[in-house]
Every structure is written in C-alpha cells, then in structure tokens.
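Position 1 is the first residue of the sequence, and the numbers go up from there. Since the model is a prediction, treat every value here as computed from it, not as a measurement.
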Amino acid sequence: MDFLGWRVFPLLTLLASFLFIFYMRTSSKPSNSECSLLPHDRFWILSNNIVTPSGVISGAVEVRGGNIISVVEKENQQWKIKSNVVDYGDAVVMPGLIDVHAHIDEPGRTEWEGFSSGTKAAAAGGVTTLIDMPLNSCPSTVSEETLKLKVDAAEDKIYVDVGFWGGLVPDNAFNRTALEGLLKAGVLGLKSFMCPSGINDFPMTNASHIKEGLNVLAKYKRPLLVHAEVELDSESDFEASDGINDARSYSTYLKTRPPSWEEAAIRELLEVTKDTRTGGPSEGSHVHIVHLSDTRASLDMIKGAKNSGDSLSVETCPHYLAFSSEEIPDGDTRYKCSPPIRDSANRERLWDALMEGHIDMLSSDHSPTVPELKRFHEGDFLKAWGGISSLQYVLPVTWSYGRKYGITLNQLASWWSERPAKLAGQDFKGSIVSGNHADIVVWEPDTEFELDDNHTAYHKNPSISAYMGKRLSGKVLATFVRGNLVYKEGQHAPVACGVPIVAK
Ligand SMILES: NC(=O)NC(NC(N)=O)C(=O)[O-]
Ligand SMILES: [Zn+2]
Ligand SMILES: [Zn+2]
C-alpha cells in the first residue's frame, strides 16, 4: 500500500464504523412492523418515575430487539440520548403486570371471553403477560392434546404474551405418563380444585391426587395452583326457600360458603405441602393458593407452613381488597365469586396481610361469562355464575383502593410483576433490569376516569363487571410487550404479536 493508501485506509474504516452504528441505531424492525405502534427497534423510554427493583429513578430505559439493554439514571455520564426517544415526563414507567390467574375461555366458550378480546383488555390495562387457567374453555386443558388446541387457538390473536396452566384432575393425577406429557408439552404448572369447579370436564381433586401431582411437578420444578375450598356437608345443605334467606340477598350466598370451607381445605392441603420441603419427597415443586379470601385461621395456617419451610405462596384478588359484603346490593350478581367477598373487617385484614408480606401477590381471577348466566333478571345469588370480570381494571383498582393504605409503586411491581414472574418461571420478565424483556406499562397515577358508557372496555360483556360505574385513578397511557408498543391511548397495534409461552 502506498503512502496515500495508509492514510486513507483508517479513514475509510472509521467511516464504515460510523455508517454501521448509524444503521444499527436507525434500522427499523426486521420482522412485522405492524406489531408495534412505534417504528423503532431501538429506542429510549424516558421518565422521572421508573420503577426498578432498587427503587424509583429518573432516567431512561434503553430497548433494543425487544429487550431492555440498559437502565440509566439521569445524573449518569451516559445520559447522551438524542434520537428515538419517547419522553413520558412524570408518568410512571413500571414492569408490565403478569396476571397468573385469568380465564380466557377459548376455545369453546368464546362468547364468555377470547384470546383477542381478553388480550386487548390486558394490553389496555397494562398487563403484558397472562397465564390462562385450564378451565372454562371447552375442552379443559388437561392433556397434551387439549393444550395444543389452546396454543393453536391463541395463534395470531394475542396482543400480550400468554402462558398456560394445565389441569390436575382425577383422570390424570395417577397417570404419570399423561401428566408428564402435559408438562413436556409446555404448561407452566398445574391447577386443581378441592371443591366442584362448576365445569363438568374439570372435576375436583382430593389430597391424594394433589400429593401425586406434586411428585410429578417436582421433576419439572413447576408449581401447583389450588382453589382451596372444600364443601362441608352441614353448611352446603343450606336452603334459601323461606322468606328469611332471600336468594337475592348477598348475605344468603355468604352463608353458603363460610370461611370454614377455606380453612378446612387449607388444613388438608398443608398436610401435603410438607412434601415440598428441602429433603421432602416432592422437593422442587411448589404450592400456590389462589384467591385467598379468609383472613382468620386460613391465613395463620399459611404463615405457619411457610415458617416450617413448605414451598408455598398465596395470592388474593383486587375484588377482595376493593369490596366488602355489606355494600353489595341485593340482586347484584356481578359481585358473585368464590370464595365470596367477606365483610369489611376481613377486607382490612387482607390489606394488612398484603402490606406485611404474608400474601405474596395479586391476580385478577378474571372469570367472566355471558349476562344471561349472571341471571340479572332474577338477581339470584345462588343460581348465578360465580366469577368477577376485571382484567382491564386491575392496575387502577389496586392503586385506587390501595392509596389510603400507603401502597408504594415498588409494592405494586412486586405484587403484580416480580413475584408472579417467579411463580410462572418467567426469568426474563417481571422487572425493569437490563437483559429482561421490555414488558412495560406507562401510567398516570393521578388521572381519574369513570367506568361509564363512554369508557372503552375491550373484554367481552363489560356490563357484567362489578367495576362498572366506579371512578378510578390510574390511567394507562402505553403498554409495551417485548419492545412492541401494543397499546397507546385507546389504540392497539394493527397486528397481534404476543407470544404463546410454552415451557421447555
Ligand atoms: N370456574 C371458574 O372460573 N371458577 C372461578 N370462579 C370464581 N372465582 O368465582 C374460580 O377461579 O374459582
Ligand atoms: Zn378458583
Ligand atoms: Zn379462577
């Protein structure tokens, strides 16, 4: 190379590097750009309130290829961001919510809910991952084949990521091959009922089924979720035939499912959760009690078992924290769910348990149906379908009702994102740290709105939601799933690019 060549070569190399960096910074998504309302693969989300595991910071989240690649504080030297910036000012930037308990009902009962409507509602509510319950769809997800039907039904319809729980039922509990088939096919864990589920192809399990199930789950290190209520004969004989026990009165329903049902189930269950201890026969498995309502003996027993080293966690739901039995109007079956919403003293104790860390996380238990099955005309609490419709509202509901208890943004992130991610085995979700999926909700804690006819609800049959007519604070501005802006102020991305999560 001549003298001029030696001088030009480094210059050319420098120019090429600049061009390469410029290309990497500005190149739009190689894949379907309609997945996102934002045309960048690499961008920065700025806010004065970014909720990270080490506290709320003012700074930027750098996203590239769907992942968070850095989180930078404003004071930091690296603060030189100029292009592809979305500045949210004082709005809160938080990890997207992970709802570990949602009944999406597809295939088979899409008039109740479906993957498209359910995940649109999730996205509009800041929920970036849903874990679908194995029942209320038809068929129930209890085998490798029925899981395949679920995953196929979800294909191209989901706006957020969706994982699946499988059902532990008497049919598969003692059939190790069948259960392993279901787990190998990718369910994130199993779910069982200790009382009738209300769904014919999802029968209840007893403690021996659960013991067997845990033993199989141990090998896969996945959890068992349990609906912990057992029918106690004396109380289930209850009749609302005389004028005294009016089926339109919520107190009548409350008497049919007393706290002793939860208590008895949890007592029985905790005999088996001992197996999950270090050195126990099902070490590696985990038991998660869904939708706890009773705060008396049930809660004490749970605390005791945790102290003894059982691998155990528990969730409650926003409706138990927002409502109390005293305020439920006669005939208003929108509030019917099981276990039932109890009195206001119980609600206060639920808040205490949550604040003190005895309740680990929150979930929606979004379990909708069609208005006819809520039997609004009769207002009969005993005949109406049990289940609360809430998916789109869980973030503002938790915030609106929790503010007076002094809940913090970090607590919200822990209850709704970090701990649910852990339960569902989602190592790259649940917090804003570099390396994680860019699953993010941006919301304004002080903006109030009314759930009236002008409010757009995306889930099916919004009229059955117990939250309709309420005024809430906490408005979701934007939701990112794996870096795709899937929802922004009343608008969803043109194409549904959520991913079905299948465990490996
Ligand atoms: N079949 C159901 O969806 N049941 C659900 N119903 C409620 N919670 O009222 C549940 O989670 O138990
Ligand atoms: Zn349940
Ligand atoms: Zn449920």
CG/Asp171: more than 12 non-hydrogen atoms of other groups inside 6.0 Å: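 It does not: Asp171 CG has 12 such atoms or fewer within range.
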Lys303 atom NZ, neighbour heavy-atom count above 12 within 6.0 Å: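 Yes.
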Heavy-atom donor-acceptor pair, [X] side chain to [Y] backbone, under 3.5 Å:
{"X": "Ser117", "Y": "Tyr458", "value": "no"}
{"X": "Arg248", "Y": "Glu378", "value": "yes"}
{"X": "Glu113", "Y": "Lys460", "value": "yes"}
{"X": "Ser137", "Y": "Ser140", "value": "no"}
{"X": "Arg419", "Y": "Ser414", "value": "no"}
{"X": "Ser338", "Y": "Pro340", "value": "no"}
{"X": "Asn436", "Y": "Ser431", "value": "yes"}
{"X": "Asn67", "Y": "Ala438", "value": "no"}
{"X": "Thr333", "Y": "Lys374", "value": "yes"}
{"X": "Asp132", "Y": "Val162", "value": "no"}

Using a strict 4.0 Å threshold on nitrogen-to-oxygen distance, state whether [X] and [Y] make a salt bridge.
{"X": "Asp360", "Y": "Lys306", "value": "yes"}
{"X": "Arg471", "Y": "Glu448", "value": "yes"}
{"X": "Asp294", "Y": "Arg296", "value": "no"}

For the student: nearest non-hydrogen atoms of Ala153 and Glu106, plus distance: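 Residues Ala153 and Glu106, closest heavy atoms: O-OE2, 4.0 Å.
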Any donor-acceptor N or O pair under 3.5 Å, side chains Ser208, Asn206: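 A donor-acceptor contact under 3.5 Å links the two side chains.
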Atom [atom1] of [X] and atom [atom2] of [Y]: how far apart are they, to the nearest 0.5 Å?
{"X": "His358", "Y": "Thr295", "atom1": "NE2", "atom2": "OG1", "answer": "12.0 Å"}
{"X": "Glu144", "Y": "Leu183", "atom1": "CD", "atom2": "CG", "answer": "10.5 Å"}
{"X": "Arg176", "Y": "Lys219", "atom1": "CZ", "atom2": "NZ", "answer": "6.0 Å"}
{"X": "Tyr159", "Y": "Tyr487", "atom1": "OH", "atom2": "OH", "answer": "13.0 Å"}
{"X": "Asn307", "Y": "Leu312", "atom1": "CG", "atom2": "CG", "answer": "10.5 Å"}
{"X": "Ser363", "Y": "Leu130", "atom1": "OG", "atom2": "CG", "answer": "11.0 Å"}

Cation-pi geometry met for Arg257 and Trp261 (6.0 Å, 45°):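 Not satisfied by the 6.0 Å and 45° rule.
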Name of the residue among Lys429, Gln426, His437 meeting side chain to side chain donor-acceptor pair (under 3.5 Å) with Asp161: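 It is Lys429, the one option of Lys429, Gln426, His437 that forms the side chain to side chain donor-acceptor pair (under 3.5 Å) with Asp161.
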Any heavy-atom pair between the side chains of [Y] and [X] that's under 4.5 Å?
{"X": "Ser417", "Y": "Met94", "result": "no"}
{"X": "His101", "Y": "Met133", "result": "yes"}
{"X": "Leu362", "Y": "Glu315", "result": "no"}
{"X": "Ile464", "Y": "Trp385", "result": "no"}
{"X": "Val160", "Y": "Val127", "result": "no"}

For the residue pair [X] and [Y], categorise the inter-ring angle as parallel (less than 30°), tilted (30 to 60°) or perpendicular (more than 60°).
{"X": "Phe164", "Y": "Phe115", "result": "perpendicular"}
{"X": "Trp351", "Y": "Tyr405", "result": "parallel"}
{"X": "His291", "Y": "His227", "result": "perpendicular"}

side-chain contact (heavy atoms from CB on, under 4.5 Å) between Ile440 and Val93, intermediate numbers included: CA-CA 7 Å; Ile440 287 167; Val93 167; 3.7 Å; yes
Chi angles and distances behind the side-chain hydrogen bond (donor to acceptor under 3.5 Å, both in side chains) call for Thr276, Thr273: CA-CA 5 Å; Thr276 64; Thr273 58; 5.4 Å; no
Aromatic ring proximity, centroids under 6.0 angstrom, Tyr401 and Tyr320: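 Judged by ring-centre distance (under 6.0 Å), Tyr320 and Tyr401 do not meet the cut-off.
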Test of ring centre spacing under 6.0 Å for Tyr250 and Tyr335: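 Here the rings of Tyr335 and Tyr250 have centres that are no less than 6.0 Å from each other.
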Intermediate values then yes/no, side-chain contact (heavy atoms from CB on, under 4.5 Å), Lys422 and Ser313: CA-CA 11 Å; Lys422 216 161 169 243; Ser313 55; over 6 Å; no
Derivation and outcome, side-chain contact (heavy atoms from CB on, under 4.5 Å), residues Trp399 and Ile407: CA-CA 8 Å; Trp399 180 244; Ile407 66 170; 3.9 Å; yes
